[in-house]
Amino acid sequence: MRELKEVFDKNIAEIKNLDGDINYSNIKYALTDDVGKKYILKIFPDIDELALAKEESRIFNEIGGKLSFKVPQNINTPDGDPFFAHEKGTAKLLDFIDGVFISEIEQSASLLFSLGEKAAELDIELLKINSPLIASRRLFWDVQNAHLSLPKVDLIKETERRKLALYFLDRFQQFAFPHLHELRHQIIHGDLNDNNILVKAGEIEGFLDFGDSSYGPMVTEIAVAMTYLMFDKEDPFNDILPLLQGYHSANPLTPQEIELLPEFITTRLCISLCNSAEKKHLGQDNGYVLISENPAWNLLEKWITTNPNKIKNTFLKAAGFEPIDHELSKNERHQSRTRIAGRSLTLSYDVPIHMSSAAFQYMYDESENTYLDACNNISHVGHSHPEVSRAISNQIRRLNTNTRYVYEPFSKYGDRLLKHFPDKLSKIFFVNSGSEANDLAIRMARTYTGRHTVAVVEHGYHGNSSLGIEISSYKFDGKGGAGSSSNILKLPLPNLFSGKFSTGKEYAVDAIDRLERHATDPPAVFIAEPISGCGGQVPLAQGYLADLYGYLNANRIVTISDEVQTGFGRLGGWFWGFEMHGVVPDIVVLGKPMGNGHPIAAVITTPGIADSFANGMEFFSSFGGNPVSCEAANAVLDVIEKENLQSNAKEVGAFFKSQLLRLKEKYSCIADVRGEGLFLGIEFLSADGVPDKEKAILVRNELKNAFILTGTDGPHENVIKIKPPLCFNTNNVEEFVTKLDRILKKNGS
Ligand code: PMP
């Protein structure tokens with residue numbers, strides 16, 4: 001450090017390199033001179049950075065003396081300029097601010113409050129600063145530039161985490177970005193992270209490193225400070241409040257600024273995580289860069305399980321604002337629904353849930369609760385999945401038309417989907433719902449065979465259209481049903497748990513016998529689900545379909561596999577349910593999960609059946625297979641592949657089933673646990689072996705009170721059905737099983 005001797009006449013006794021991030025645009029040293037005084041030396045090799053450093057110095061000079069805490073002060077050279085030439089670039093010497101980083105100590109509420117006050121004090125002074133140079137910076141760390149981090153999301157290796165980052169960055173674009181211009185802007189420090197805040201004798205001593213200062217929404221200043229100080233906290237949303245309150249007491253925020261705080265915090269977390277991913281990718285993952293990675297993920301993972309209303313209201317209340325009260329509007333909404341909705345449109349629970357939003361396997365109500373969704377098989381890849389949302393919004397902005405035109409999404413998706421089927425199933429018809437798809441499938445089979453009768457399986461459900469009800473024993477045999485019509489041949493459900501026979505073969509022999517007895521009016525078609533959903537999550541007995549299909553094929557009776565519930569990898573071991581039975585149907589019907597909630601369904605069939613259907617009458621569906629639906633469905637396939645959701649269903653499903661079987665050993669009311677992958681059922685019987693509907697309903701309601709959503713089904717409504725989004729994880733399973741255990745313990749075996 002020859003230069004220091006030459007310029008300042010100081011003898012340096014100790015030099016410590018402070019560079020954490022090797023990509024930083026300046027080089028930093030801690031120096032101690034021969035009389036023990038400490039300094040910071042900053043060297044700027046880059047000319048652009050030097051201009052900014054000069055601007056920073058000017059700002060320090062303007063605000064430095066006015067603050068009740070320290071910011072780095074330049075030490076001028078004898079000729080009055082702080083900058084001097086150094087062999088590595090242009091350098092400046094700064095006063096050393098003594099103290100410990102706030103990250104290294106216990107952060108009491110009063111310390112956080114005081115930090116908030118000081119941050120506010122800083123911003124009040126910075127508001128007076130005008131700096132076109134700072135205002136022109138485009139830093140990726142700056143939350144308003146979150147889009148600069150989007151390309152880095154793909155560098156996050158862990159799928160669960162990658163989608164979280166994408167989700168929160170997407171939220172920012174949707175919910176915060178459009179409002180940025182409404183917020184108060186000014187120069188801010190921009191990086192009040194816990195390693196830039198010094199504490200001495202229990203007080204805030206000073207703020208360091210103005211290298212990320214920018215011109216942006218004022219509230220992002222406190223958002224950044226909150227982000228890092230929420231790390232590793234037991235109850236981050238409450239523990240951080242003194243910091244917010246301290247800031248708000250000295251520099252009041254508006255309700256709008258506070259409502260957007262959660263978005264700014266999660267965005268900053270994502271920016272940091274994307275930066276870490278990039279550094280790892282570039283092999284620059286030294287300890288410093290990754291220092292905040294684990295606590296940041298932990299915080300983001302906690303965030304996704306917390307109702308956004310709760311976080312927003314917690315911040316609003318802490319600042320003395322009224323939280324948004326949904327109670328009044330909830331009552332009004334419920335009353336209005338009751339007034340206008342037909343009575344057959346039922347609600348899931350006696351005390352209904354008013355849903356507000358959802359993300360992946362979590363659903364958030366209008367109050368502040370988070371529910372674990374264990375039964376929504378429509379949100380197959382997870383609620384509000386950002387990839388699906390984007391696919392839909394991108395396409396609807398470009399083109400949405402119908403299948404009478406040629407457009408790319410139709411063939412792109414169609415070709416891709418058909419690759420999942422055996423070769424003979426090579427024709428596709430898109431519609432909007434499972435009901436419509438089954439309706440069309442039956443119509444095709446009737447046209448193909450010239451026959452009319454439909455063979456169905458007891459308790460099956462295939463749709464809400466007139467034909468759907470006619471072929472659904474679950475409906476025509478159920479409450480309000482008119483029984484089976486003359487063109488329906490009903491076959492027993494091959495149920496190994498509570499049925500007549502103990503093998504699939506016996507059921508097949510019985511079914512063939514019934515078909516033979518009907519030989520004067522042979523059916524056109526046989527339709528079945530591979531695992532009967534409404535029948536109570538009952539897998540068709542192994543061997544049943546294999547034997548029965550042999551007979552049906554030989555007699556030219558069209559076979560339909562209704563995969564509306566079981567398709568797209570839900571069963572873990574198989575992409576489609578028919579594969580589990582070792583058969584290939586003539587028609588496969590798809591629905592529910594296909595568009596993750598966007599209405600798209602399909603009939604997949606053979607060229608022979610498709611050709612016979614082309615008898616002159618056009619088939620047209622206004623919405624079926626439109627470009628937006630195809631893009632939604634294409635994104636679903638993308639996510640299934642990228643996030644390995646089929647194997648997740650297999651692994652997590654097997655773990656889930658094993659845990660439920662453990663409970664079955666413990667509680668005699670659980671008579672059966674069955675299903676495949678993430679399509680499971682728990683059947684309850686009373687001590688005398690009778691279907692225990694009350695118990696199943698009690699369990700369903702108690703699970704709801706414990707914030708887990710399930711449903712009941714089966715002809716006796718004594719089966720709890722479990723069919724969550726496929727991103728369900730082992731922690732979710734553990735939560736489910738622990739709560740179920742507690743409920744069963746409390747409510748007798
Ligand atoms: N088939 C099966 C097996 C179903 O479970 C359902 C819906 N529950 C349907 C068809 C009808 O589908 P949608 O509600 O989309 O009309």
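Residue numbers start at 1 and run along the sequence shown. Only a predicted model underlies this, so the values are computations on that prediction, with no experimental measurement involved. Computation of the quantities below employed the complete heavy-atom set of this structure, encompassing side-chain atoms and omitting hydrogens, waters and symmetry-equivalent molecules. Remember, it's 1-based here, ligands and their atoms both numbered in the order they're listed.
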**OP:** Sort out the contact shell of ligand 1: every protein residue with a heavy-atom distance below 4.0 Å, listed by chain and number.
**Re:** S433, G434, S435, N438, Y461, H462, G463, E529, D562, V564, Q565, K592
Original post:
Are more than 12 heavy atoms from other residues, nucleotides or ligands located less than 6.0 Å from atom CZ of F623?
Top reply: no
Original post:
For K704, does the NZ atom sit with more than 12 other heavy atoms under 6.0 Å from it, leaving out its own atoms?
Top reply: yes
For residues 716-723, dump all side-chain donor-acceptor pairs below 3.5 Å to protein atoms at least two apart in sequence or in another chain.
residue : atom : partner : partner atom : Å
E717    : OE2  : T712    : OG1          : 3.0
N718    : ND2  : E683    : OE2          : 3.2
N718    : ND2  : F684    : O            : 3.0
K721    : NZ   : D713    : OD2          : 2.6
K723    : NZ   : Q565    : OE1          : 2.9

Identify each donor-acceptor pair in which a side-chain atom of residues 598-605 lies under 3.5 Å from a protein atom, sequence neighbours left out, and give them as a table.
residue : atom : partner : partner atom : Å
H598    : NE2  : S629    : OG           : 3.0
T605    : OG1  : D586    : O            : 2.9

Original post:
H385: what forms a side-chain hydrogen bond (donor to acceptor under 3.5 Å, both in side chains) with it, not counting sequence neighbours?
Top reply: E643
Subject >> Minimum-distance pair of heavy atoms, taken over all atoms of E529 and G460 >> reply: OE2-CA, 3.7 Å
